Amino acid sequence: MTTELSEPGAPADEGREHRATAVAHPNIALIKYWGKRDEQLLIPYVDSLSMTLDVFPTTTTVRLTPGADTDRVALDGSAAVGEQRQRVVAFLGLIRTMAGRAEPADVDTRNSVPTGAGLASSASGFAALALAGASAYGLDLDAIALSRLARRGSASASRSIFGDFAILYAGRGTGSEADRSAYAEPVAVPDFAPAMVIAVVNGGPKLVSSRAAMRRTFDTSPLYRAWASSSAVDLADMRTALRRADLDAVGEIAERNALGMHATMLGARPPVRYFTPATMAVLDAVAGLRAEGVSAYATMDAGPNVKVLCHPEDAARVVTEVGRAAPGSAAVIARCGPGARLRPRVEP
Ligand code: DP6
């Protein structure tokens, strides 16, 4: 594994011990990924750009178990079942094929964020699993190759390989050309360190998974392609706004891109609607803050929770207004966070 993915003190040969622990953080897209052009390889239809957070990390340990006859997957201390387990097992299969090995593994994953609530747990989850799994199976991948691997678990996970800001390319062509060209890389944004207030209005699992909602939107929404082409313009504008470290421009573009994505879902047959009354109340509060001169902008993913981009010095005020608008909600202030890292082995 490349040293830049290891924390100081992580043994360079940890992978050779057939066990590795990795930590990854969620990322929130400012320009969204929504819709796939290849469902098998998880190739997005549009490019996306995100900010990695410094909150809600996922810690995953992968340990090879040569004597076992099957993989064991634990999520927050309980055995994973159904599709959740299946996705991890399929991902391990991919790593095994790449590594030319056959041993099953024990996977232990700890999330510090509600799973499946549109808070990007699959992004941090598959980024951590890609790094820990690749290391445990002895694969020597650089960060770009790792982002390609993480994409196969969940496309947004490829961006969590990197800290701060990252872009995920939709790539070109089909088959192996698409696979090679759909990867994430860092976007250098000097002098831009906004806050993002994560307003959790409902931490429960969502009713429609992002994967199913994305498929339905792509297949049935007449609004989808219009949003996809305007998203390319949003991305170009976003790059300029980031270069200028212009929070108002970044926020405006992020908000219009996210609301446009949700509009495509409302146009799906049958519609997908993640907004709840509490979501709307928070969106109103954000607009109210702006009317009072506070730079605050909302973005939302596949769930009812709202993420508010703002200057760090305004974050406490945003938290107060969110709490007032949606009693019972919880808000966490995030900043830019690190990319996925191997954790040094703690000797007993
Ligand atoms: C709304 O990456 O969870 O958060 O690739 O099917 O696993 P799969 O989908 P996933 O979708 C994330 C969609 C989004 C926007 C984004 O993160 O870009």
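Remember, it's 1-based here, ligands and their atoms both numbered in the order they're listed. The model shown is predicted, which means the values in this text are computed figures rather than measured ones. These numbers come from the heavy atoms of this one structure, side chains and all, not from hydrogens, waters or symmetry mates. When a residue number appears, it is its place in the shown sequence, counting from 1.
The neighbour count for Arg37 CZ, taken as heavy atoms of other residues, nucleotides or ligands under 6.0 Å away, is above 12. At most 12 non-hydrogen atoms from other residues, nucleotides or ligands lie less than 6.0 angstrom from CG of Leu207.
Near Arg87, the atoms of ligand 1 lying under 4.0 angstrom from a non-hydrogen atom of the residue are 7 (O). With ligand atoms numbered from 1 in the order given, ligand 1 contributes 16 (C), 17 (O), 18 (O) to contacts under 4.0 Å with heavy atoms of Ala29. Listed by number with element, the atoms of ligand 1 under 4.0 angstrom from any heavy atom of Arg211 are 6 (O), 7 (O), 8 (P). Against a heavy-atom cut-off of under 4.0 Å, Ser122 is close to the following atoms of ligand 1: 3 (O). Here is the list of ligand 1 atoms found below 4.0 Å of a heavy atom in Ser156: 2 (O), 3 (O), 10 (P), 17 (O).
Considering backbone and side-chain atoms together, Trp34 places no N or O closer than 3.5 Å to any N or O of ligand 1. Considering both main-chain and side-chain atoms, Tyr33 comes within under 3.5 Å of ligand 1 through a nitrogen or oxygen pair. Where the criterion is an N or O separation shorter than 3.5 Å, residue side chain and backbone included, Lys36 meets it with respect to ligand 1. Considering backbone and side-chain N/O atoms, Ala302 never comes within less than 3.5 Å of an N/O atom of ligand 1.
Summarising the contacts of atom 3 (O) of ligand 1 with Ser210, Ala213, Ala157, the nearest heavy atom is found in Ser210.
If you check the side chains of Ser50 and Arg159, you find a donor sitting under 3.5 Å from an acceptor. With no hydrogens or angles considered, no side-chain donor-acceptor pair links Thr174 and Asp38 at under 3.5 Å.
In this structure, the protein non-hydrogen atom closest to atom 4 (O) of ligand 1 is Asp301 OD1, 3.4 Å. If you check which protein heavy atom lies closest to atom 7 (O) of ligand 1, you get Ser154 OG, 2.6 Å. Looking only at heavy atoms of the protein, atom 11 (O) of ligand 1 is closest to Met214 CE, 3.4 Å.
Ligand 1 is approached by Arg159 to a heavy-atom distance shorter than 4.0 Å.
Evaluated for a side-chain hydrogen bond (donor to acceptor under 3.5 Å, both in side chains) with Lys32, the options Asp234, Thr264, Thr299 yield exactly one hit, Thr299. Partner of Trp34 under the side chain to side chain contact (heavy atoms under 4.5 Å, CB included) criterion, out of Ser48, Ser221, Ser231, Ser210: Ser210 alone.
Using a 4.0 Å cut-off between a side-chain N of Lys or Arg and a carboxylate O of Asp or Glu, Arg290 and Glu255 qualify as a salt bridge.
Remark: aromatic rings of Tyr33 and Tyr45 are distant, center separation not under 6.0 Å.
At least one test fails for Arg96 against the ring of Phe91: distance under 6.0 Å to the centre or angle within 45° of the axis.
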